[in-house]
> 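Quick one: the structure is below, questions incoming.
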Amino acid sequence: QEVTGNYSHKSKGWMKCFVAMQPGLAHFLLVLIGGSIFVQVFVLSPALWYSHWEDVGASKILSSMHVKSPIIPPPRQLLEFNDTGASSCILIMDDNHFLVEWLAYHYHVLKLRHLIVAVDPRSLTSPEHILARWEGLIDIELWNDEETYLDHDKFHEQIQERLDGNHGKRESPILSAHRVRQLTFNMECMKAHKKKGRGWTFITDIDEYIHFNPRLWTEDQKLYLPDWKDLSPIQEANSVYKMLHHLRFLDPSSAHAAEQYPCIRIARRQFASIDGGKNSSSTTYPSSALSVSSEQFQTLRWRKWDFLDEQHPSLAGKTVIDLAALRLEDIDAEAAEGGGDPHIPLPNICAKGSIFLSERHAPLLANHYMGTKEQWNYRSNDSRGAECLRDLFDHQNNIVGKYYSDVLFPWLEGFVNSAGLEEASRLLEGVGELEPKPADTNVAADGKGTDAITHATPIENKSPIRVGDRVQYFYDDYWYTCTVVASNCRGGYDVKCDEDDLWEYALRSDDLFLLLSTDLESIK
């Protein structure tokens, strides 16, 4: 029972007595009962079992059984923490035009009160002046220096390990460096939040906006509970945070959403950067007194979302973690296991099987926006390569736009009413506007210097396959002849095949046999 989390102090006395009197019979009965975890108990002597059973650090029992996942205290048995609002970890690079809205939105909806920001060393701009506006409202730590969270010797070793492995087939050294930096920052950030006694912590990006899944109110959905009807609307302050507090104390057997605890998965919705749609308007919102056009806001301007092709896979989800249910040593153990992935930050605690989860199973959603073409292309040092990103932007806008959504519209009115017009105007100054970029003095002409990997000029994807190439793809005992129509700039390709009008997504170069290169225009 302690292993499964349904532990009661009243139940342990009879077990101790029974095992002491009849150890052989006890082991025999356990075999009959079955259970994959208990099988490993058989190798333990009764004396060793007692010593672990008495130890309230239940994860030590699993350690002796070679089970990686720590015991997560069930709801209402949380470790000591300060319930002062949500926390987040953000690695940023030349995204100030998104940062203004992202901060205001999540301050209002998520009760964001603790934030750690790391600035990518290749960034040409600093977010410091925007973060300074929130002094006294959000506790913000700015990690400008990589040495705050990186061991450079280990950093370069990990990069080389990626390049020597499967990642090296499709990643440039620049992209590998970014991936290692991201993993390391996320782990160190979570540990920093945990040391300060914080609870709900989000691992998302600056272009993602968290909100309720509408299915929470739909009676025929798995996520539905009668209590959800009392959730606050998005225009009310802290609406999502109140829902998480409710979820924290929910009986895991009574709702699908609670089964994921303490890692709550977030399904992502891809939005197109296409104007128009229902209720389209270029007027200011919520009132002309704010003097900011709705077109400056990602959450107000872009309404078209979801992939037109029903077979297109969902985006990889993100995660919010209740650090109040974990110990610092649990997070340290995950770091040793290669944790920090933005989709599965804690690989042995957060369920791996739900990376590409459907909205049917996620209580929270994240709207993922690309912004305008100018905003999308603003990063001149993006590790994925400028040419590939330009093609990806156009491709996404061609395949996204199945539905319309105005669900986030009311947040701004609620924020203005809560903060006051003058304060809201101050915090939202410059929203959506691109800043002039200074000259890139850090990048040497030959890509060399104190850190050649960090400061080298971005290069395009290493794979010989390019958008427009003709390829063959083997699927279901048949060779299809296809055209590469898009790259995700990370070694994945979308192809359109001649036969049966077949589309395939996120294929790797190893899945494709290159025939010849052709002009993409010829297949439109």
Side-chain angles (χ1 to χ4, degrees), residues 86 101-102 105-106 108-112 200 202 204-205 207-248 250 254-261 263-272 274 276-281 285-286 294 297-310 312-320 354-369 400-415:
E101 180 181 3
W102 188 90
Y105 175 88
H106 290 97
H108 176 71
V109 170
L110 193 60
K111 197 181 178 181
L112 178 64
W200 289 110
F202 284 75
T204 59
D205 288 325
D207 52 8
E208 296 167 343
Y209 293 76
I210 312 299
H211 62 99
F212 294 129
N213 189 335
R215 286 177 172 82
L216 293 173
W217 288 276
T218 306
E219 292 189 23
D220 62 352
Q221 297 291 326
K222 279 187 174 182
L223 294 171
Y224 175 78
L225 273 184
D227 289 349
W228 292 138
K229 69 180 183 298
D230 298 324
L231 295 176
S232 302
I234 199 168
Q235 59 263 39
E236 290 189 15
N238 310 328
S239 57
V240 172
Y241 189 78
K242 292 176 183 177
M243 174 264 203
L244 287 173
H245 184 77
H246 178 76
L247 186 61
R248 174 184 277 155
L250 197 62
S254 65
H256 182 80
E259 295 172 4
Q260 308 168 30
Y261 186 84
C263 301
I264 305 301
R265 305 292 291 134
I266 304 170
R268 291 197 296 162
R269 287 180 168 181
Q270 179 63 57
F271 277 70
I274 303 173
K278 296 179 181 179
N279 302 324
S280 178
S281 173
Y285 187 90
S294 63
F297 293 87
Q298 306 298 313
T299 52
L300 305 186
R301 180 171 184 176
W302 312 119
R303 302 174 178 85
K304 294 184 177 182
W305 71 280
D306 202 12
F307 297 100
L308 299 174
D309 184 359
E310 293 183 357
H312 196 289
S314 302
L315 295 179
K318 292 297 181 71
T319 305
V320 54
S354 58
I355 299 178
F356 297 97
L357 81 166
S358 162
E359 287 189 17
R360 294 190 302 272
H361 303 105
L364 295 177
L365 304 178
N367 286 5
H368 180 250
Y369 300 102
V400 175
K402 188 175 184 179
Y403 302 115
Y404 295 95
S405 175
D406 291 337
V407 68
L408 300 190
F409 258 47
W411 84 267
L412 184 56
E413 182 177 17
F415 175 71

> Give the minimum heavy-atom separation between Leu408 and Tyr369, together with the two atoms involved.
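Scanning both residues, the minimum pair turns out to be CD1-OH, 3.7 Å.
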> Closest approach of Trp200 and His245, non-hydrogen atoms and distance?
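Scanning both residues completely, I find the closest heavy atoms to be NE1-N, 4.2 Å.
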> Below 4.5 Å, heavy atoms only, C-beta onward: do Trp302 and Asn367 meet side chain to side chain?
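A side-chain contact is absent here, since even the closest heavy-atom pair is not under 4.5 Å.
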> Could you walk me through whether Asp406 and Arg303 satisfy the side chain to side chain contact (heavy atoms under 4.5 Å, CB included) test, starting with their C-alpha distance in whole Å, then the side-chain angles of each, then the deciding distance to 0.1 Å, before giving a yes or no?
CA-CA 6 Å; Asp406 291 337; Arg303 302 174 178 85; 3.0 Å; yes
> Would you compute the distance between atom CG of Leu244 and atom CD1 of Ile264 and round it to the nearest 0.5 angstrom?
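Those atoms lie 7.5 Å apart.
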> As an exercise, state the distance from CG of Leu365 to OH of Tyr209, rounded to the nearest 0.5 Å.
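One gets 16.0 Å once the value is rounded to the nearest 0.5 Å.
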> Drop me the distance from Glu101's CD to Asp207's CG, to the nearest 0.5 angstrom.
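These two atoms lie 11.0 Å from each other.
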> How long is the gap from CG on Leu308 to OH on Tyr403, to the nearest 0.5 Å?
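Between Leu308 CG and Tyr403 OH, I get 10.0 Å after rounding to 0.5 Å.
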> If you look at every heavy atom in Phe356 and Ser314, which pair is closest and at what distance?
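Closest pair (atom of Phe356, atom of Ser314, distance): CD2-O, 3.2 Å.
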> Please report the C-alpha distance between Ser405 and Phe271 in whole Å, then the side-chain angles of each, then the deciding distance to 0.1 Å, and finally whether the side chain to side chain contact (heavy atoms under 4.5 Å, CB included) criterion is met.
CA-CA 10 Å; Ser405 175; Phe271 277 70; 4.3 Å; yes
> When rounded to the nearest 0.5 angstrom, what is the spacing between CZ in Phe297 and CH2 in Trp411?
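So the CZ of Phe297 and the CH2 of Trp411 are separated by 5.5 Å.
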> Test your reading of the model: is there a side-chain donor-acceptor pair from Arg268 to the backbone of Ala316, 3.5 Å cut-off?
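Between the backbone of Ala316 and the side chain of Arg268 there is a qualifying donor-acceptor contact (under 3.5 Å).
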> So which atom in Arg269 and which in Leu315 form the shortest heavy-atom distance, rounded to 0.1 Å?
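Minimum heavy-atom separation between Arg269 and Leu315: C-CD1, 4.3 Å.
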> What's the shortest heavy-atom distance between Ile234 and Ser239, and which atoms?
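Where Ile234 meets Ser239 most closely, the heavy atoms are CA-OG, 3.7 Å.
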> Give me each pair satisfying salt bridge (charged side-chain N to carboxylate O under 4.0 Å, His left out) with a member in residues 232-241, each pair once, sequence neighbours excluded.
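Qualifying pairs, neighbours excluded: none.
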> Using the side chain to side chain donor-acceptor pair (under 3.5 Å) criterion, which residues pair with His108? Sequence neighbours excluded.
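If we apply the side chain to side chain donor-acceptor pair (under 3.5 Å) test to His108, skipping adjacent residues, there are no hits.
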> Let's go through Leu364 and Met243 carefully: what are the C-alpha distance in whole Å and the side-chain angles of both, what is the deciding distance for side chain to side chain contact (heavy atoms under 4.5 Å, CB included) to 0.1 Å, and is it a yes or a no?
CA-CA 10 Å; Leu364 295 177; Met243 174 264 203; 4.0 Å; yes
> With side chain to side chain contact (heavy atoms under 4.5 Å, CB included) as the test, would you mind laying out the steps for Val400 and His312 before giving the verdict?
CA-CA 10 Å; Val400 175; His312 196 289; over 6 Å; no
> With rounding to the nearest 0.5 angstrom, report the NZ to CD distance, Lys402 to Gln270.
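Rounded to the nearest 0.5 Å, the NZ-CD separation comes out at 15.0 Å.
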> Taking atom types as modelled and ignoring hydrogens, do the side chains of His368 and Glu208 form a donor-acceptor contact shorter than 3.5 angstrom?
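There is no such pair (donor and acceptor under 3.5 Å, judged by atom type) between the side chains of His368 and Glu208.
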> Which pair of heavy atoms, one from Ile210 and one from His106, lies closest together, and at what distance?
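Shortest heavy-atom separation between Ile210 and His106 comes out as N-NE2, 3.3 Å.
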